[in-house]
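Since the structure comes first, as structure tokens, the remarks are kept for the end.
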Amino acid sequence: MTIGVNTISVVVVAVTTVISLALAYRGNRYLRDNSPGVQPFVWGYFMGWFTLTTLGAGLVLLASFGTLTHRSDAHILSMVPWAVAVGALCIAAAMTLRRQRWGLVGLSFLMMNPVIWLVNVFYLRNRWDELRVGPVPSGGKVDG
């Protein structure tokens, strides 16, 4: 019996979802303990961790199938847009994990999913003043 690509995809998404949820709740607990005056940020943490874990798993799978070792110049040039997209997603995810509003906006846009866009419009509307350019300082005091 061979394992198909669809089976591997489902397993990767399931595992990265569980890991991302655990990290999101852990991050939110840390936020609540250190900054009691701020709103929960589970969804933002989940989006950031899910992006990073999924990209990491994808790179591991590409490397394990030998896709990254193909050496033709045309193949390397075709990887440049993908590398730029992965880099942009990683930067936006890291900014989101630091509770930076533009990181969450960028991550939402880069996911290219209208359902995510709609959810994040309402999510960000409730937290826009709280999320700032930098991370939330300890003690829960938030600049507008």
Side-chain angles (χ1 to χ4, degrees), residues 2-71 75-144:
T2 60
I3 298 175
V5 174
N6 289 338
T7 304
I8 292 172
S9 299
V10 169
V11 169
V12 166
V13 169
V15 169
T16 57
T17 299
V18 170
I19 291 170
S20 300
L21 279 171
L23 291 170
Y25 279 104
R26 180 176 170 222
N28 195 61
R29 185 176 43 233
Y30 179 81
L31 175 70
R32 187 183 63 229
D33 292 345
N34 293 314
S35 301
V38 299
Q39 293 181 346
F41 196 64
V42 177
W43 176 249
Y45 287 138
F46 173 75
M47 284 193 50
W49 283 117
F50 185 74
T51 300
L52 292 177
T53 56
T54 304
L55 288 174
L59 288 174
V60 167
L61 287 173
L62 284 174
S64 68
F65 289 127
T67 306
L68 298 178
T69 59
H70 188 65
R71 303 259 185 232
H75 179 73
I76 291 172
L77 286 177
S78 72
M79 295 296 283
V80 170
W82 290 105
V84 170
V86 166
L89 279 165
C90 286
I91 291 169
M95 289 174 67
T96 299
L97 291 173
R98 292 178 48 99
R99 292 180 49 91
Q100 295 177 351
R101 65 174 76 147
W102 292 110
L104 189 55
V105 170
L107 186 59
S108 300
F109 177 73
L110 290 170
M111 286 186 154
M112 298 189 157
N113 184 337
V115 175
I116 297 289
W117 296 344
L118 184 63
V119 168
N120 283 341
V121 163
F122 294 105
Y123 191 76
L124 280 169
R125 185 171 30 168
N126 293 331
R127 287 166 177 77
W128 189 257
D129 290 336
E130 185 175 286
L131 299 177
R132 32 179 292 235
V133 176
V136 173
S138 61
K141 295 180 182 173
V142 180
D143 305 350

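As the structure is a prediction and not an experimental result, all values here were calculated from the model.
A distance of 6.5 Å separates OG1 of Thr96 from CE of Met47, quoted to the nearest 0.5 Å. Separating the CG atom in Leu61 from the CD1 atom in Ile8 is a distance of 6.5 Å, to the nearest 0.5 Å.
With sequence neighbours left out, the side-chain contact (heavy atoms from CB on, under 4.5 Å) criterion links Ile19 to Val15, Leu23, Thr53. Residues meeting the side chain to side chain donor-acceptor pair (under 3.5 Å) test with Asn120, sequence neighbours left out: Trp43, Ser108. Not a single side-chain contact (heavy atoms from CB on, under 4.5 Å) links Val60 to another residue, sequence neighbours left out. For the side-chain contact (heavy atoms from CB on, under 4.5 Å) test, residues two or more places apart in sequence or in another chain that qualify with Val42 are Ala24, Tyr25, Asn28. Considering only residues two or more places apart in sequence or on other chains, Ile91 meets the side-chain contact (heavy atoms from CB on, under 4.5 Å) condition with Met95.
Within the structure, no pair that satisfies the side-chain hydrogen bond (donor to acceptor under 3.5 Å, both in side chains) test touches residues 5-15, not counting sequence neighbours.
Heavy atoms only, all atoms of each residue included: Leu55 and Cys90 are closest at CD1-SG, 3.8 Å. The heavy-atom pair separating Val38 from Arg99 by the smallest distance is CB-NH2, 4.1 Å. When all heavy atoms of Ala92 and Leu110 are compared, the pair lying nearest together is CB-CD1, 4.3 Å. For the pair Gly48 and Ala93, the tightest heavy-atom approach, listed with the atom from each and the gap, is O-CB, 3.7 Å. Summarising the geometry of Thr16 relative to Ala57, their closest heavy-atom pair is CG2-CB, 4.2 Å, with the distance given to 0.1 Å. Shortest non-hydrogen contact noted between Tyr45 and Leu97 is CE2-O, 3.4 Å.
Below 30°, between 30° and 60°, or above 60°: for Trp128 and Trp102 the angle between ring planes is above 60°, a perpendicular geometry. Ring-plane geometry between Phe46 and Phe50 is classed as parallel, the angle between the planes falling under 30 degrees on a 0 to 90 degree scale with a further cut at 60.
Gln39 contributes no side-chain N or O that, together with a main-chain N or O of Glu130, makes up a donor-acceptor pair within less than 3.5 Å. With hydrogens and angles disregarded, no donor-acceptor distance shorter than 3.5 Å links the side chain of Arg101 to the backbone of Leu124.
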